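Heads up, the thing below is written out as structure tokens.
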Protein chains: 2
Amino acid sequence: MPQNRQFLLDSRPQGEARADNFKLVTGDTPALKEGEVLVRHHYLSLDPYMRGRMDDAKSYAAPQPLGQVMQGGTVGEVVESRSPRFQAGDKVVGMGGWQEYAVVSAEQGGLRKVDTTHVPLSHYLGAVGMPGVTAWYGLTQIIQPKAGQTVVVSAASGAVGSAVGVLAKQRGCRAVGIAGGPDKCRYVEQELGFDACVDYRQYADAPSLARALKEACPGGIDGLFENVGGMVLDAVMLRMNDFGRIAVCGMIAGYEGKPIPLAYPQVILRSRLLVQGFIVSEHMELWPQGLQELGQLVGSGKFRPRESVAQGLESAPDAFLGMLKGRNFGKQVVKLV
Amino acid sequence: MPQNRQFLLDSRPQGEARADNFKLVTGDTPALKEGEVLVRHHYLSLDPYMRGRMDDAKSYAAPQPLGQVMQGGTVGEVVESRSPRFQAGDKVVGMGGWQEYAVVSAEQGGLRKVDTTHVPLSHYLGAVGMPGVTAWYGLTQIIQPKAGQTVVVSAASGAVGSAVGVLAKQRGCRAVGIAGGPDKCRYVEQELGFDACVDYRQYADAPSLARALKEACPGGIDGLFENVGGMVLDAVMLRMNDFGRIAVCGMIAGYEGKPIPLAYPQVILRSRLLVQGFIVSEHMELWPQGLQELGQLVGSGKFRPRESVAQGLESAPDAFLGMLKGRNFGKQVVKLV
């Protein structure tokens with residue numbers, strides 16, 4: 001059996017997460033038991049939700065246990081199988097964690113075969129995976145936009161945000177992104193096809209960002225897909241139309257423990273908003289429907305998601321910490337082969 | 001025709017509303033045209049929403065015009081009628097405004113006959129009126145509690161809050177109030193039949209109020225009916241169960257322009273909350289259903305709402321300003337006869 005390198009959670013962050021919260025270890029992969037498969041990971045997914053699991057505080061997911069392999073989504077190839085359900089060479093997506101190999105129960109390991117004819121393998125971690133379905137769920141089940149309405153999404157160049165905009169355009173909406181920096185905004189408008197993208201870094205506070213949003217959203221804002229929180233959320237709330245919907249998917253601005261008070265909760269009342277938090281793993285019954293639409297969009301070339309690819313398992317901690325600061329550009333993955 | 005006294009909105013508040021924003025005038029009531037009735041008001045309703053209308057800012061209702069009679073709900077008696085739909089002696093509820101008499105179109109004036117056999121006339125401004133239906137709508141349509149769940153309501157001794165608790169108890173819920181001062185809390189528990197009431201004035205900040213709520217709500221909080229905002233809302237959010245619902249009915253803590261940031265918006269995500277603002281006048285189709293249940297509860301004596309009765313039209317401004325500071329105890333009305 002091959003040698004395996006793994007990242008364990010070694011300590012919980014005090015304030016900001018740091019590289020030394022993770023520990024790289026090397027060991028043998030155990031021999032397969034009946035019903036197990038050995039997967040070699042080609043890509044590891046890095047996602048903002050992982051930061052919440054590093055803490056011991058109440059969250060929607062159980063904390064990541066200390067001393068255990070960091071949890072995370074992976075795609076790879078079956079290299080050995082003792083299950084009739086998989087054979088060597090199968091491309092699979094699963095929750096293999098921050099490691100190069102994983103031994104997985106074919107029945108209970110959450111492993112799923114994927115077809116890479118039209119969709120590159122890594123996209124099953126992004127646009128045609130959990131982030132894509134997250135976008136699809138929040139947009140179609142919470143925001144429920146009608147054609148002609150305006151949908152805004154923060155972190156618009158990211159794995160979730162980019163899918164929100166593309167899906168909104170498919171529904172005849174005006175899609176407006178918020179992103180950090182001119183390169184990301186250009187990508188959101190020109191490559192992803194959003195109608196507009198506002199660079200929040202150009203604005204010092206929520207009222208000035210709200211003025212910029214007024215130009216980008218002349219008809220007001222009917223739906224917000226929120227990934228960030230803080231000033232960005234405040235600014236959008238100032239422009240929400242009556243009966244608007246806010247799908248709360250993430251508040252990455254607060255993930256390192258910084259307070260991110262909501263400045264204008266009165267708007268919820270004044271504009272009769274619906275604000276709904278959600279986590280996509282609680283709605284597994286809808287994944288096939290979402291993945292089908294996303295797979296078609298990516299497979300047909302209508303949606304060309306961008307990736308930030310870090311090389312080698314050892315780069316995972318820095319890539320993860322950079323992503324929390326918005327240094328990634330598109331879906332952050334780590335290439336392991 | 002009788003002399004009429006009226007309060008006009010004379011100026012808009014700069015910060016806190018003041019008595020001199022209102023102006024008392026006396027005049028003749030105009031002669032009735034065909035299809036009109038003359039109503040003598042017995043009670044005027046004073047409600048927190050009126051404060052929002054005194055401002056010129058964007059709100060869900062058009063601002064109260066300057067120099068016009070202050071708008072407001074009224075109950076009274078038809079004293080003269082030139083419509084076949086009403087006759088002298090009819091008891092009616094309507095939006096007659098801050099005045100002793102109103103000339104109203106029988107067809108378009110929103111006038112509705114009420115039966116005072118079992119329900120005292122003034123209660124059609126409170127428990128069996130707009131505030132009661134507000135409670136009924138937020139509870140049954142947004143919070144949608146199941147038997148055994150815990151529902152918390154702020155401003156629990158008020159016109160809306162008291163009805164929320166009584167309606168929640170009818171549905172087999174644990175009803176917990178938040179109110180200001182021991183007298184109000186005693187009333188909420190002993191007269192209204194809530195399971196518990198927490199006096200927010202005993203606590204300096206949201207975390208300490210949250211600790212008190214933990215005792216009052218040992219199973220956590222499934223539904224919040226929010227009338228206040230600020231620290232009270234923050235504290236309840238810290239105790240919300242997963243998939244909890246927050247019906248945002250009012251944020252009186254911010255009505256005088258004080259910022260009332262929401263301290264912990266992350267809870268919306270972490271606990272997958274639904275937060276929904278609403279205004280009951282946009283759901284008129286459900287009023288009959290709500291009023292029927294409320295009328296039965298009051299008529300049967302199961303719900304004995306309390307009133308703060310100010311005497312005479314001239315007392316309206318001070319009673320209104322006092323209500324905004326929580327000085328009323330139960331539904332605030334002004335007795336005009």
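Since this is a predicted model, take the numbers as computed values, not measurements. Letters A, B, ... are given to chains in the order of the sequence lines, protein chains preceding strands, and every chain is numbered from 1.
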Heavy-atom closest pair, residues R272(A) and F278(B): CG-CA, 3.7 Å
Heavy-atom pair of closest approach, residues P265(B) and P261(A): CD-CA, 4.1 Å
CZ (R18(B)) with more than 12 external heavy atoms under 6.0 Å: no
Minimal non-hydrogen separation, L269(A) against C249(B), with atom names: CD1-O, 3.4 Å
Leading residue by heavy atom contact count with chain B [cutoff under 4.5 Å; candidates L273(A), V248(A), V267(A)]: L273(A)
Considering all heavy atoms, the nearest K258(B)-Q266(A) contact: O-NE2, 4.2 Å
E215(B) atom CD, over 12 foreign heavy atoms within 6.0 Å: no
Euclidean distance, I246(B) CD1 relative to I268(A) CD1, rounded to 0.5 Å: 8.5 Å
Gap separating the CG atom of D242(A) from the CD1 atom of I279(B), nearest 0.5 angstrom: 10.0 Å
Heavy-atom neighbours of Q14(B) CD exceed 12 at 6.0 Å: no
Interface moiety of I260(A) toward chain B, non-hydrogen atoms closer than 4.5 Å: both
